[in-house]
Amino acid sequence: MNQPNLEGRTFDVDLGPFVPRLSFLKDDRMRLQAQIGPNTIDETVDVNVHTVGPSLFLVTWAESSGNYIVQLQDHENGIVHNRARLADGNLFEVEGRILPI
């Protein structure tokens, strides 16, 4: 799916315990960078972006760790609703802030 509103954009997502950086690349790819405790994540993943409204996006991706992430990103209000099914089966639910770079 073409990503005319996110392609080429980078922002941090403040989720409290960690702040991943999302860089939307061409061809439905996204670079994910984060420091979570002692673990450093820096990988490029396939990403699905669905435009829900003018500044509202449903974004999903799977990480090499096995985590599956669903975010509702509200760029007008700078809010993200994050839901993740972690590789160990646990669910991580948190709201955060979108911080443009």
Side-chain angles (χ1 to χ4, degrees):
M1 175 180 191
N2 192 342
Q3 303 169 20
N5 294 313
L6 290 182
E7 188 173 302
R9 293 179 62 189
T10 297
F11 50 88
D12 289 340
V13 179
D14 185 348
L15 298 175
F18 59 98
V19 182
R21 177 163 288 180
L22 308 179
S23 300
F24 289 84
L25 310 172
K26 293 182 180 181
D27 302 324
D28 300 331
R29 303 281 286 162
M30 180 185 75
R31 183 176 181 194
L32 168 66
Q33 298 168 279
Q35 185 70 40
I36 302 173
N39 301 317
T40 299
I41 299 169
D42 189 349
E43 66 177 298
T44 301
V45 298
D46 292 329
V47 65
N48 293 302
V49 177
H50 299 281
T51 303
V52 180
S55 297
L56 190 62
F57 303 93
L58 183 63
V59 182
T60 62
W61 70 89
E63 299 172 0
S64 63
S65 64
N67 297 338
Y68 184 76
I69 314 301
V70 177
Q71 290 186 345
L72 181 62
Q73 298 179 356
D74 179 348
H75 288 264
E76 181 175 337
N77 295 302
I79 298 170
V80 63
H81 302 275
N82 186 89
R83 302 296 182 264
R85 174 68 64 191
L86 304 178
D88 64 8
N90 286 314
L91 187 62
F92 176 70
E93 299 179 313
V94 66
E95 277 68 53
R97 303 286 307 159
I98 298 169
L99 308 169
I101 299 299

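Atom set for the values below is all heavy atoms of this structure, side chains included, hydrogens, waters and symmetry mates excluded.
The nearest pair of heavy atoms linking Pro20 to Leu32 is CB-CD1, 3.8 Å. Minimum interatomic distance between Thr10 and Ser23 (heavy atoms only, all atoms of both residues): OG1-OG, 3.1 Å. Scanning all heavy atoms of the two residues, the minimum distance from Val80 to Leu15 falls at CG1-CD2, 4.0 Å. Between Ala87 and Ser65, the shortest heavy-atom distance links the atoms CB-O, 3.1 Å. What you find for Glu43 and Ile41 is that their closest heavy atoms are OE2-CG2, 3.9 Å.
To the nearest 0.5 Å, the span separating CG on Leu99 from CZ on Arg21 amounts to 9.5 Å. Interatomic distance, Arg97 CZ to Asp14 CG, rounded to the nearest 0.5 Å: 9.0 Å. Between the CD atom in Gln73 and the OG1 atom in Thr51 there is a gap of 11.0 Å [rounded to 0.5 Å]. Note that CG of Leu58 and CD of Gln71 are 9.5 Å apart. Values are rounded to the nearest 0.5 Å. Annotation: the span from Tyr68 atom OH to Leu86 atom CG amounts to 14.0 Å, rounded to 0.5 Å. Atom-to-atom distance recorded for Leu25:CG and Glu7:CD is 8.5 Å, nearest 0.5 angstrom.
Evaluation of the ring pair (Phe, Tyr, Trp, His ring centres under 6.0 Å) rule for Phe92 yields Phe18 as partners, not counting sequence neighbours. Residues forming a side-chain hydrogen bond (donor to acceptor under 3.5 Å, both in side chains) with Arg31 (at least two apart in sequence, or on another chain): Asp42. Evaluation of the side-chain hydrogen bond (donor to acceptor under 3.5 Å, both in side chains) rule for Glu63 yields Trp61, Asn67 as partners, not counting sequence neighbours. With sequence neighbours excluded, the residues forming a ring pair (Phe, Tyr, Trp, His ring centres under 6.0 Å) with Phe11 are Phe24, His75, listed by chain and number. For Thr44, there are no side-chain hydrogen bond (donor to acceptor under 3.5 Å, both in side chains) partners two or more places apart in sequence or in a different chain. Taking the side-chain hydrogen bond (donor to acceptor under 3.5 Å, both in side chains) definition, one finds that Thr60 meets it with nothing, sequence neighbours left out.
Looking only at side-chain heavy atoms (C-beta outward), Val70 and Val59 stay at 4.5 Å or farther from each other.
With respect to the salt-bridge test (charged N to carboxylate O, under 4.0 angstrom), the residues Glu95 and Arg83 qualify.
Tested against Leu22, the residues Met30, Gln33, Arg9 include a single side-chain contact (heavy atoms from CB on, under 4.5 Å) partner, Met30.
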Practice task
Could you please spell out the steps behind the side chain to side chain contact (heavy atoms under 4.5 Å, CB included) verdict for Phe57 and Val52?
Solution key: CA-CA 5 Å; Phe57 303 93; Val52 180; 6.0 Å; no
Practice task
For the pair Val47 and Arg29, evaluate side chain to side chain contact (heavy atoms under 4.5 Å, CB included) and give the outcome as yes or no after the intermediate values.
Solution key: CA-CA 5 Å; Val47 65; Arg29 303 281 286 162; 5.7 Å; no
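Of the possible donor and acceptor atoms, none in the side chain of Asn77 sits under 3.5 Å from a partner among the backbone N and O of Ile79.
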